[in-house]
Engineer: 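Have a look at this one.
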Amino acid sequence: MSRISRIRGPGFIVIFGASAASGAAYRYLKPPPGAEAPLHPYNFSPYTLIDRQPVSSTSAIFTLAHTGGAGPPESVKEAWKRSVWSVQVKQPQLQIARAYTPLPQILDGGYVSEEEAGDIRLLIRQEEGGEVSTYLHCLSEGSSIELRGPNIEHELPHDIREVIFLAGGTGIAPAMQVAQALGRRTGSKMHILWANRRREECVGGINDDRTIANAAGQEGSSWWKGFFSSSQPPPEELSVDNASSQTKGVIVQELEALKERSRAATRGLHVQYYVDEEKTFIKPGDVTKRLHTEEPAEKGSRLILISGPDGFIEYWAGKKLWLEGREVQGPLGGVLATMDLEDWKVFKL
Ligand SMILES: Cc1cc2nc3c(=O)[nH]c(=O)nc-3n(C[C@H](O)[C@H](O)[C@H](O)COP(=O)(O)OP(=O)(O)OC[C@H]3O[C@@H](n4cnc5c(N)ncnc54)[C@H](O)[C@@H]3O)c2cc1C
């Protein structure tokens, strides 16, 4: 696919044949003045959109590289070790910014060069009528995008060894951050329960635990109901069985790579897929089953994380609150408040 990328500064029009080539070529151009800071928590730094990989009809992975070719700052290297973190992306015309959660770097063989490690990959869903997400989805490769960060949303305590992660939609991005951080902790274990409205977000995703009812017709109700209007198209006749025969979606492939990567040192990364249009919903029993295991655990080593749209978080753990201009956890509510959590801690992202 041929395309034209205009690189910052007058007179640079570069024609490339492939997106990977464009990513490599712009790195060797002289950095524009002021582009040295790779990422700063308060000031915006210039990045270039070097790749956009479609995930579904509404979401894509955006790969951004620092315009001056800088590698990741120490703050980002530290964040990858133990944090759920985000960056803010600016919409320059309106001068507003929104938070997005970088995906871990996943390459064959696990090798990531210093330059590529500085790239930032974001899974962004285009919200209907959403200012920043719509703006980003309209950008072409080679466009400039300004970022600042990292913002630490949650630091995984050192003694955490077991995580149950309830993810809704793009809430899978922080789950993947946690999976890569826990993958460095010997003997750790993680369960991701990922709910989507549509199968197109997780094509080919197969549950690790097949004993759970996972075909169309499973009883239960969806947290989505009541939080979204009924503007969705009618459900298609899909099931996990025919999902298995489809080519795997990008995020499914990356989850499988994370599983593979964590296999050597940990007790595993386990993923369950739930798809609203297939009538498979995360049920309280799916959580309970993973809370109460025979395996011994150190006190304070187990954590439940919830990430997704506000309605998803509220359904499982109650609302987050605003206090003195800051968003705080608020009391534990929702379905989790009715369960015997033993010594599992809960954190709403
Ligand atoms: C820490 C954090 C991490 C995040 N990570 C990600 C991520 O990795 N990927 C991702 O896709 N998102 C992520 N988000 C969400 C993201 O920050 C944005 O909220 C999202 O992209 C929508 O922003 P927007 O500007 O496009 O939409 P907005 O313009 O903010 O609108 C949001 C929705 O509200 C509707 N709306 C706007 N104004 C009104 C109104 N007055 N009345 C009724 N409805 C209205 C819009 O139509 C739209 O559907 C994250 C959020 C946080 C806080």
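Start at 1 and go down the list; that is how both ligands and their atoms are numbered. Note that the structure is predicted; figures quoted are calculated from it, not measured.
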Engineer: Take atom 52 (C) of ligand 1 and look for protein heavy atoms under 4.0 Å from it; say yes if you find one, no if not.
Structural biologist: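 When distances to the protein are checked, atom 52 (C) of ligand 1 has a heavy atom within 4.0 Å.
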Engineer: For the pair His292 (side chain) and Asp340 (backbone), establish whether a donor and an acceptor sit closer than 3.5 Å, ignoring hydrogens and angles.
Structural biologist: yes
Engineer: Determine, stepwise, if the pair Asp286 / Tyr274 fulfils side chain to side chain donor-acceptor pair (under 3.5 Å).
Structural biologist: CA-CA 11 Å; Asp286 299 339; Tyr274 300 85; 3.1 Å; yes
Engineer: Taking the basic N atoms (NZ, or NE/NH1/NH2) and the acidic carboxylate oxygens, is any pair closer than 4.0 Å for Glu278 and Arg199?
Structural biologist: yes
Engineer: Who's the nearest protein heavy-atom neighbour of atom 11 (O) of ligand 1, and how far?
Structural biologist: Arg125 N, 3.0 Å
Engineer: In terms of residue, atom name and distance, what is the protein heavy atom nearest to atom 19 (O) of ligand 1?
Structural biologist: Arg98 CD, 4.0 Å
Engineer: Taking non-hydrogen atoms only, is Glu127 closer than 4.0 angstrom to ligand 1 via side chain, backbone, both or neither?
Structural biologist: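 It is the side chain that gets close, since no backbone atom is under 4.0 Å.
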Engineer: Indicate, with yes or no, if Ile96 and Leu139 share a hydrophobic cluster defined by side-chain heavy-atom contacts under 4.5 Å among Ile, Leu, Val, Met, Phe, Trp and Tyr.
Structural biologist: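 Yes, it is one cluster - the side chains of Leu139 and Ile96 are joined through contacts under 4.5 Å.
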Engineer: Under the 4.0 Å line, does any protein heavy atom show up next to atom 24 (P) of ligand 1?
Structural biologist: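 Neighbour list for atom 24 (P) of ligand 1 includes protein heavy atoms (cut-off 4.0 Å).
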Engineer: Does the residue Leu123 have a heavy-atom contact with ligand 1, meaning some pair of atoms that are separated by less than 4.0 Å?
Structural biologist: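 Yes, Leu123 has a heavy atom closer than 4.0 Å to ligand 1.
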Engineer: Taking atom NZ of Lys319 as the centre, report whether more than 12 heavy atoms of other residues, nucleotides or ligands fall under 6.0 Å from it.
Structural biologist: no
Engineer: Using the six-membered ring wherever Trp is involved, compare the ring planes of Trp80 and Trp85 and label them parallel, tilted or perpendicular (cut-offs 30° and 60°).
Structural biologist: perpendicular
Engineer: State which residue, out of Arg161, Arg302, Glu295, fulfils the side chain to side chain contact (heavy atoms under 4.5 Å, CB included) condition with Lys189.
Structural biologist: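 Answer to the side chain to side chain contact (heavy atoms under 4.5 Å, CB included) test with Lys189 among Arg161, Arg302, Glu295: Glu295.
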Engineer: Kindly state if atom 40 (C) of ligand 1 has a protein heavy atom within a strict 4.0 Å cut-off, that is, under 4.0 Å?
Structural biologist: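 No, there is no protein heavy atom closer to it than 4.0 Å.
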Engineer: Membership question, hydrophobic clusters at under 4.5 Å side-chain separation (ILVMFWY): are Ile304 and Tyr315 in the same one?
Structural biologist: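 Both belong to a single hydrophobic cluster.
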Engineer: Check each heavy atom of Ile96 against ligand 1 and say whether those closer than 4.0 Å belong to the side chain, the backbone, both or neither.
Structural biologist: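 The answer is neither.
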Engineer: At what distance is the nearest protein heavy atom to atom 20 (C) of ligand 1, and which residue and atom is it?
Structural biologist: Tyr100 OH, 3.8 Å
Engineer: Is there a protein heavy atom less than 4.0 Å away from atom 43 (C) of ligand 1?
Structural biologist: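 Neighbour list for atom 43 (C) of ligand 1 is empty of protein heavy atoms (cut-off 4.0 Å).
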Engineer: Strictly distance-based, threshold 3.5 Å: is any side-chain N or O of Asn196 a donor or acceptor partner for the main-chain N or O of Glu201?
Structural biologist: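 Not at all, since once roles are kept as given, no pair shorter than 3.5 Å links the two residues.
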Engineer: Does the side chain of Thr48 pick up a donor-acceptor pair with the side chain of Thr67 at under 3.5 Å?
Structural biologist: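 The answer is yes; a qualifying pair exists.
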Engineer: Same cluster for Val275 and Trp316 if Ile/Leu/Val/Met/Phe/Trp/Tyr side chains link at under 4.5 Å?
Structural biologist: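 Val275 does not cluster with Trp316.
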Engineer: Atoms of ligand 1 less than 4.0 Å from Ile124 heavy atoms?
Structural biologist: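 Checking each atom against Ile124, I get 11 (O).
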Engineer: Under 4.0 Å from atom 9 (N) of ligand 1, is there at least one protein heavy atom?
Structural biologist: yes
Engineer: Within a distance under 4.0 Å of any heavy atom of Glu153, pick out the atoms of ligand 1 and give their elements.
Structural biologist: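 By the 4.0 Å cutoff, the relevant atoms are 1 (C).
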Engineer: Tell me whether Thr101 has any N or O atom under 3.5 angstrom from an N or O of ligand 1.
Structural biologist: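 Yes, there is a polar N/O contact under 3.5 Å.
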Engineer: What protein heavy atom sits nearest atom 29 (O) of ligand 1, and how far away is it?
Structural biologist: Glu131 N, 2.9 Å
Engineer: Does the protein put a heavy atom under 4.0 Å from atom 36 (N) of ligand 1?
Structural biologist: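 No, there is no protein heavy atom closer to it than 4.0 Å.
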Engineer: Around atom 32 (C) of ligand 1, find the nearest protein heavy atom and jot down its residue, atom name and distance.
Structural biologist: Gly130 CA, 4.6 Å
Engineer: Can you pull out the closest protein heavy atom to atom 4 (C) of ligand 1? Residue, atom name and distance to 0.1 Å, please.
Structural biologist: Ala99 O, 3.2 Å
Engineer: Answer yes if Phe44 and Tyr100 sit in the same cluster of Ile, Leu, Val, Met, Phe, Trp and Tyr residues linked by side chain heavy atoms under 4.5 Å apart, and no otherwise.
Structural biologist: no
Engineer: Looking at atom 26 (O) of ligand 1, what's its closest protein heavy atom, distance included?
Structural biologist: Ser133 OG, 2.6 Å
Engineer: Which residue owns the protein heavy atom closest to atom 49 (O) of ligand 1, what's the atom, and how far is it?
Structural biologist: Glu128 O, 2.9 Å
